[in-house]
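Comments concern the structure below.
Computed over heavy atoms, backbone and side chain alike; hydrogens, waters and symmetry mates excluded. In what follows, chains carry the letters A, B, and so on, assigned in the order in which the sequence lines appear, proteins first and then strands, with residues in each chain numbered from 1.
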There are 2 protein chains.
Amino acid sequence: MHSERVASRSAEPRDPRDSRESKNGTPQLDAVSLAIIEQLQEDGRRPYAAIGKAVGLSEAAVRQRVQKLLDQGVMQIVAVTDPLTVGFRRQAMVGINADGDLEPVADALTAMPEVEYVVMTAGSFDILAEIVCEDDDHLLDVINKRIRVLPGVRSTESFVYLKLKKQTYMWGTR
Amino acid sequence: MHSERVASRSAEPRDPRDSRESKNGTPQLDAVSLAIIEQLQEDGRRPYAAIGKAVGLSEAAVRQRVQKLLDQGVMQIVAVTDPLTVGFRRQAMVGINADGDLEPVADALTAMPEVEYVVMTAGSFDILAEIVCEDDDHLLDVINKRIRVLPGVRSTESFVYLKLKKQTYMWGTR
DNA sequence: CCCATGGCTGCGAAATCCGCAGGCTGCGAA
DNA sequence: TTCGCAGCCTGCGGATTTCGCAGCCATGGG
């Protein structure tokens, strides 16, 4: 044996259209694309041919799928680091409570370069936002002068990072 | 002109040892390595030659530096996705309060495959942990049966994700 | 002074990426 | 039914990139 096929090519109804969208607006992924993503979660630079062997596709097919996944914004292949080791002294998670529609608030946060991560949540915060800053002054400035003044924002609570212990991207690889 | 040098090669004191460590234990990075990381934050598959042109180094030198950065664990090149689009229905941030030394608690969290992100913080939570699960049952199980029973853990508070709005890795690129 | 170390360059050989033509399948229109 | 279209895959050269290695230079310790 040589290559465990993740999805047998002739078994399924032959419709790997990952272009169709669910009501959510996010593309629907078939098993093969999932397997490709899994490969790239282990190593973002793995050659297409190796991926093809693992998922049962030709090199060219893998290349086309990866390109589409990137274009669609389903995944991105990037270098990730611990910001603290790359010169950013202060990092914090900010919990936010706001009135009315949360979308505009979330969009405003998304537009800020210092904000790296924005998620709308259920619980005692409406929105969680992760912030990466150069130093304390910068952090204070972003929170007080840019976030707390956004229309609708009622209150915020900050959690300054002391130490990053884990950072993984290998869902699917377990 | 062709290639903006990020760091002139002959100007600096000629000591790009990124192997020396700060008291923190994290390697100290020079400007060139930072520039390389920046390039790979934009595109994790960018060819070494292109990076070299951008930062003023040969292809081979870039390759060696990247390899070292990966080996040292300073950065990782991976595909990142929104878990919700890849079949994981439930995701949550969990704020944790614990007694005594936090390290063992953080380590225990780090060891759980469902836990993707662990950070020790200052503020009304001692630790923040992000969890990726298949469904509600799975999430509940992890929080109640695995986290809340850890020795030292006093209380937890969960924030279930409703919608991921932003996810970036381009600090340095701004 | 001499040698060991670390980092960079340059260079072929091997592997990879890339674009393109062609084939197959499912589907909807005529 | 048949035709034509669209989506996806394969195979194949040519261009590019990756990879390993030998050699060079500067620094620093003995």
Whole angstrom is fine here: how far is it from CD1 in Ile51(A) over to C1' in dT16(C)? 12 Å

What is the base-pairing partner of dA30(C), counting Watson-Crick and G-U wobble geometry with both distances under 3.5 Å? dT1(D)

Considering residues, nucleotides and ligands other than Arg89(B), do more than 12 of their heavy atoms fall under 6.0 Å from its CZ? no

Scan every strand shown for a Watson-Crick or G-U wobble partner of dC20(C), both distances under 3.5 Å, and answer none if you come up empty. dG11(D)

CG of Asp43(B) versus P of dC17(C): gap in Å, rounded? 13 Å

Calculate the interatomic distance between Gln67(B) atom CD and dC8(C) atom P; express it in whole Å. 14 Å

Could you label the plane-to-plane angle of the Phe125(B) and Phe159(A) rings as parallel, tilted or perpendicular, counting under 30° as parallel and over 60° as perpendicular? parallel

Side-chain N,O (Lys68(B)) to OP1/OP2 (dG6(C)) below 4.0 Å: no

Between Tyr48(A) and Gln64(B), which has a closest nucleotide on DNA chain C that is more 5'? Gln64(B)

In whole Å, what is the span from the CZ atom of Arg65(A) to the P atom of dC8(D)? 8 Å

Both Ala60(A) and Ala60(B) contact DNA chain D. Which one's nearest nucleotide lies toward the 5' end? Ala60(A)

With the side chain defined as heavy atoms from C-beta on, Arg45(A) is closest, among dT18(D), dC8(C), dT10(D), to dT18(D)

Which nucleotide, if any, forms a Watson-Crick or G-U wobble pair with dG29(D), using both distances under 3.5 Å? dC2(C)

Do Val80(A) and Gln76(B) touch side chain to side chain, with heavy atoms closer than 4.5 Å? yes

Can you tell me how far P of dG26(C) sits from CG of Asp30(A), to the nearest Å? 16 Å

Round to a whole Å and report the spacing from CG of Asp71(A) to P of dC8(D). 13 Å

Of the candidates dC8(D), dC17(C), dT18(D), the side chain of Arg63(B) sits closest to dT18(D)

Looking only at atom types and distance, does a side-chain atom of Asn97(B) sit under 3.5 Å from a main-chain N or O of Ser124(B), one as donor and one as acceptor? yes

Using the rule given for ring-ring contact (aromatic ring centres under 6.0 Å, His included), can you reason through Tyr169(A) versus Tyr169(B), listing the C-alpha separation, both sets of side-chain angles and the distance that settles it, and then say yes or no? CA-CA 12 Å; Tyr169(A) 303 92; Tyr169(B) 303 92; 5.7 Å; yes

Would you mind reading off the distance between Leu70(B) atom CG and dC19(D) atom P, rounded to a whole angstrom? 11 Å

How long is the line joining CD of Glu59(A) and P of dG19(C), in whole Å? 11 Å

